[in-house]
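Each residue takes its place number in the sequence, starting with 1. Counting starts at 1 for both ligands and their atoms, following the listed order.
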Amino acid sequence: MTFVTLLCVPTVIAVGTVFGAVLRTTSRKAQAQVEKTTAVADEAVSNIRTVRAFAMEDQEQELFDTEAELAMILNENLGFGIGWFQAGTNMFLNGMVLITLYMGGYLLSTDKLSPGQLMAYLMASQTIQRSLGQLSLLFGSVVRGVASGSRIFEYMNLQPTVSLKGGKTISEFDLKGEIEFENVTFAYPSRRQQCILKNFNLKIPSGKTLAIVGASGNGKSTVVALIERFYDVNCGVITIDGHDIRSLDPSWLRKRVLGLISQEPVLFGTSIMENIRYGHPASTDEEVEEAAKLANAHDFISSFPQGYDTMVGERGVTLSGGQKQRIAIARALLKNPTVLLLDEATSALDTESEKVVQHALDVAKQGRTVVVIAHRLSTIQNADIIVVLNKGVIVEMGTHEELTQKRGYYWSLTYQQQEIPAG
Ligand SMILES: Nc1ncnc2c1ncn2[C@@H]1O[C@H](COP(=O)(O)OP(=O)(O)OP(=O)(O)O)[C@@H](O)[C@H]1O
């Protein structure tokens, strides 16, 4: 009888281990599929206007149904697996009791065992059986938990290629905001073979406005992304006031030195006050209002019944493009950055909003190093330096007047936009 018990217990544990490994894989696949399904739903809901505009509701629903169906099948398989394991374990353990009774009965009938001894043995073996039975009930939760845990640790153990903190800072006194690209070569990590910038050299003097123009896809936004240190260069070096930006604390760099205003400003689903304060969380309400005034936003904010406490909705959906942009400018101004990066900040606006936002930007630019990426060339005519990028290489550089007289790339770009006469 003891032999039966000794055989059963390790068998249950061994089968559980093998089965558990298989089910953990199924559980990981099921969870990955649920994640994919949720992402499809999230994308469709958050881009509901685009879905509506293209009448793609049915296709989006079909896509979601397909993914959800797959998630359902995987979860069903997992459920069946766990169910079969629990059923098998229970049968095995109850079989153990039956065998004990059968063998005990036989030994009793042949006087090799007393009834008391059989009862004592049964009690002991049932304790083991119940414990194993409880373990099998926990088995499903353990499989799911271990699979979830390993996915969580996978993300937690990911190491950012650019660390968030660490490195030196430049003292307020020495911080001027002069940026220099020296022989920079860069390709995005996901497309290593496509070189976006090749031996790129550019000096942005402190306190000056430099505009980068060029046809779409020529690497303008990449220049800004590299200054923000969203990526590190493959070769060469980018310096701020002579310091390699890789040696500077990225958190300090983004918090104190750089201010980015992008084409599509991202607002959070909270009040206007909190959205502006995001630029410098320690600011008082008065400082927020001051920044809003500078950004030409105070008047429209005050015209709302709840003023600065107006909730902007998810991603600022209740505001117009120009209003969102001015809140983003106020946010950047509150931070009071030494370098202002404007990535096509007005290109999504109509002419009227562009004028208002442009005026706000003109105020924001004062006393800072500014890098502007512009599609509408009319907005950068006053820039101190205009750089024309073509396939990641600077093909022209100068002021608006110099480049117009040259009749080269810049001239043809402005001519295409009919901002200077062809003559
Ligand atoms: N995250 C990324 N991963 C891989 N390639 C990218 C990534 N972002 C941009 N690219 C590629 O890098 C090239 C330059 O893109 P970039 O956005 O810098 O151009 P751009 O001149 O700013 O264009 P646009 O004026 O249309 O915004 C393009 O070919 C683009 O496809």
| message | Can you work out which protein residues put a heavy atom within less than 4.0 Å of ligand 1? | response |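 If the criterion is a heavy atom under 4.0 Å, then ligand 1 touches Tyr188, Ser190, Arg191, Gln194, Ile196, Ala215, Ser216, Gly217, Asn218, Gly219, Lys220, Ser221, Thr222, Tyr231, Glu344, His375.
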| Taking it one step at a time, do Val223 and Leu389 satisfy side chain to side chain contact (heavy atoms under 4.5 Å, CB included)? | CA-CA 10 Å; Val223 172; Leu389 264 192; 4.3 Å; yes
| task | Give me the ring orientation class for Phe268 and Tyr278: parallel if the planes are under 30° apart, tilted from 30 to 60°, perpendicular past 60°. | result |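 Phe268 and Tyr278: tilted rings.
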| Side chain Ser206, main chain Lys176, donor-acceptor under 3.5 Å |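 The answer is yes, because a donor-acceptor pair under 3.5 Å joins these two groups.
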| So, the side chain of Asp343 versus the backbone of Ser221: is there a donor-acceptor pair under 3.5 Å, distance only? |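 Checking the backbone N and O of Ser221 against the side chain of Asp343, no donor-acceptor pair under 3.5 Å is found.
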| query | In Å and rounded to the nearest 0.5 Å, what is the OG1 to CZ distance from Thr26 to Arg28? | reply |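 Here the interatomic distance stands at 11.5 Å.
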| query | Glu69 versus Ile73: any side-chain heavy-atom pair under 4.5 Å? | reply |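 Touching, per the 4.5 Å side-chain cut-off.
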